[in-house]
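Written below as structure tokens is the structure these notes are about.
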Amino acid sequence: MNSEIKITVTGTGFVGLVTAAIFADKGFNVVALDIDQEKIDIVNKGETFFFEPNLPPLIRRVTLDKRKLTASSDIIDSIKESDVTFICVGTPSQEDGSCDLQYIEQSARDIGRAIKLKEDYHLVVAKSTIVPGTTRNLIKVAIEKESGKKAGEGFGLCMSPEFLREGQSVHDTVFPDRIVIGEFDLRSGEMLEGIFKKLYKDEQDEFTANWEGLYNKIVNCPEIIRFSLETAECIKYANNSFLATKISFINEFANICERIDGVDINDIAKGIGLDFRINPQFLRAGAGFGGSCFPKDVRAIMKFAKDVGYEPKILQSVIDVNAHQAKRMVELAEEKLGDLSNLKACVLGLSFKPGTDDMRSAPSIKIIDQLLSKGMTVIAWDPEAMNEAKKAHWIGEKITYADSIHEALKGADVCFLVTEWDEFKNLEPMDFKIMKTPTLIDGRRIYDPKRFLKEGIDYSGIGIGLKSN
Ligand code: NAD
């Protein structure tokens with residue numbers, strides 16, 4: 001019975017809340033822990049504190065209806081009462097790119113203090129993205145010091161990286177491609193594999209809930225692969241670095257295509273994506289990647305590599321090409337309009353991708369920064385991220401937020417399409433005619449260039465050579 005296993009998840013942010021909710025939905029008793037009392041109060045009301053599709057009904061169900069998930073700031077006592085703790089605290093970038101491990105260390109100390117008070121064996125699982133060696137050299141050491149117990153005896157230790165995507169996190173947690181377990185010892189690995197097998201039952205099983213078609217699929221146990229702690233830590237960085245590399249690769253080719261008359265990067269992506277060795281995912285050229293993971297994780301593994309004596313050349317290029325894409329958006333406008341000072345820019349889309357209100361390292365920030373430094377005024381609209389943008393000190397108060405797409409476009413000299421929300425995909429050339437000069441820089445290539453040009457929009461897009469079109 002899953003209800004016999006008591007789980008604590010420490011760090012009720014994006015990853016922690018989704019992880020906690022899915023375990024709770026499958027019958028485990030879960031306590032989600034955080035130092036932020038505001039988040040705790042929101043979750044205990046059955047609500048969420050960030051925008052994520054499909055999460056609100058799930059949180060309501062597991063907190064208010066099933067009563068399998070509670071949130072608490074009583075960290076040590078809650079861990080003491082549980083059997084396993086997942087560490088999901090943040091690991092942000094430091095100035096030099098390295099991974100800031102202060103929250104991990106704090107959590108490990110709290111877990112150690114709780115384990116000291118326990119008689120029973122306790123399993124600790126690091127889910128946060130942490131550089132190789134962190135679980136063994138920091139988490140294990142801190143827990144041993146605080147608890148007075150030894151890893152492998154008084155407590156078990158694993159590292160299991162998280163691969164969910166913001167905007168699809170509930171789906172990704174219910175249907176993961178694979179589960180990676182890094183284990184300190186056999187007992188820890190066996191116990192965690194057993195817990196995941198209960199979550200994703202071996203035999204075919206249906207999640208009890210069935211809303212929005214999301215759970216209306218049979219859940220098969222995904223492949224569970226077990227390695228050392230360091231290998232699991234490294235897999236996460238290799239995974240994100242590879243995906244970021246794919247994006248920068250297609251953006252590099254987009255820059256080449258712009259210099260070849262009549263060649264479109266979208267056709268190139270289609271042509272290579274059908275090769276099964278490449279596949280079509282992450283081959284959309286555009287304004288560059290952002291978010292809470294790719295930029296920070298690539299920088300963190302680069303810093304780690306340098307510290308252990310290797311200069312990562314491909315990864316440096318991935319970062320350089322990505323930085324160039326935001327500049328390219330502004331260059332495209334300058335190629336159309338010349339000097340941008342005193343002109344009005346409309347920015348459509350602020351979040352780093354559709355389906356989230358997350359503004360962390362969003363390309364919109366880099367683009368808006370440049371537009372402001374060139375003396376432009378900026379008005380923006382986003383269906384979900386405007387509140388987050390207002391809080392962001394980089395741009396917060398420096399731009400105007402429109403009440404509608406129409407208001408954002410009206411009277412603007414140039415429009416930058418930065419995030420490919422569905423709301424923008426349906427816009428017609430007519431919609432842009434309310435601009436002062438209908439100049440459109442399509443940073444996500446969602447519009448048909450030929451049609452927009454034909455219908456009087458001065459269209460430019462990332463990765464398309466338009467001279468003879
Ligand atoms: P987040 O910033 O949304 O949440 C972190 C939470 O930890 C916050 O609520 C914070 O208050 C809490 N916290 C900080 N110190 C604490 C402590 N000592 N005890 C308890 N709670 C504490 O972070 P996130 O986006 O959920 O990411 C968490 C980890 O997962 C990071 O390492 C990240 O790289 C990784 N990850 C994130 C994603 C993603 O899409 N967001 C995907 C995969 C992996």
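Counting starts at 1 for both ligands and their atoms, in listed order.
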Polar side chain donor-acceptor pair, D100 to Q102, under 3.5 angstrom
yes
Using a 4.0 Å cut-off to any heavy atom of Q106, which atoms of ligand 1 qualify?
18 (N)
At less than 4.0 angstrom from any non-hydrogen atom of K39, what atoms of ligand 1 do you find?
8 (C), 9 (O)
What atoms of ligand 1 come closer than 4.0 angstrom to any heavy atom of T10?
19 (N), 20 (C)
With sequence neighbours excluded, residues passing salt bridge (Lys or Arg N to Asp or Glu O under 4.0 Å) with D177:
none
Contacting atoms of ligand 1, where contact means under 4.0 angstrom from a heavy atom of I75
19 (N), 20 (C)
Heavy-atom distances under 4.0 Å are what count here, so tell me which part of S128 touches ligand 1: side chain, backbone, both or neither.
both
Around K116, counting heavy atoms of other residues, nucleotides and ligands shown, do more than 12 lie under 6.0 Å from its NZ?
no
When you measure from atom 43 (C) of ligand 1 to every protein heavy atom, which one gives the shortest distance, and what is it?
E162 O, 3.3 Å
Output the list of atoms in ligand 1 that are nearer than 4.0 Å to some heavy atom of T12, sorted by atom number.
9 (O)
For atom 32 (O) of ligand 1, which candidate among D34, L17, T91 holds the nearest heavy atom?
T91
Of all the heavy atoms in R165, does at least one lie under 4.0 Å from an atom in ligand 1?
no
Check the pair F155, S147 against side chain to side chain contact (heavy atoms under 4.5 Å, CB included), reporting the backbone distance first and the verdict last.
CA-CA 10 Å; F155 66 96; S147 66; 4.3 Å; yes
Identify the protein heavy atom lying closest to atom 30 (O) of ligand 1, giving its residue, its atom name and the separation to 0.1 Å.
V15 CG2, 3.5 Å
min-distance protein heavy atom vs atom 4 (O) of ligand 1 -> G13 CA, 3.1 Å
Option nearest atom 3 (O) of ligand 1 (shortest heavy-atom distance, choices F14, F163, F294, Y103):
F14
For the pair K6 and E81, find out whether any cationic side-chain nitrogen is under 4.0 Å from an anionic carboxylate oxygen.
no
To check your reading of the model: name the closest protein heavy atom to atom 16 (C) of ligand 1, its residue, and the distance in Å.
V89 CG1, 3.6 Å
Of all the atoms in ligand 1, which lie at a distance below 4.0 Å from a heavy atom belonging to S107?
17 (C), 18 (N), 19 (N)
Quick one: do the T91 and K296 side chains pair a donor with an acceptor below 3.5 Å?
yes
The atoms of ligand 1 lying under 4.0 Å from a heavy atom of S292, numbered in the order shown, are 39 (C), 41 (N)
Short list, please: which atoms of ligand 1 are under 4.0 Å from a heavy atom of C88?
28 (C)
Do other residues, nucleotides or ligands put more than 12 heavy atoms under 6.0 Å from the NZ atom of K425?
yes
So CG of N240 and CD1 of I301: to nearest 0.5 Å the spacing works out to 10.5 Å
Among K296, R360, K127, which one has a heavy atom closest to atom 23 (O) of ligand 1?
R360
Just checking F304: does its CZ atom have more than 12 heavy atoms from other residues, nucleotides or ligands closer to it than 6.0 angstrom?
yes
I'd like to know whether ligand 1 has Q168 as a neighbour, heavy-atom separation below 4.0 Å.
no
Any side-chain donor-acceptor pair under 3.5 Å between S188 and D185?
yes
How far is atom 7 (O) of ligand 1 from its nearest protein heavy atom, and which residue and atom name does that atom have?
G11 CA, 3.4 Å
Taking atom types as modelled, find out whether E384 and S351 have a side-chain donor-acceptor pair closer than 3.5 angstrom.
no
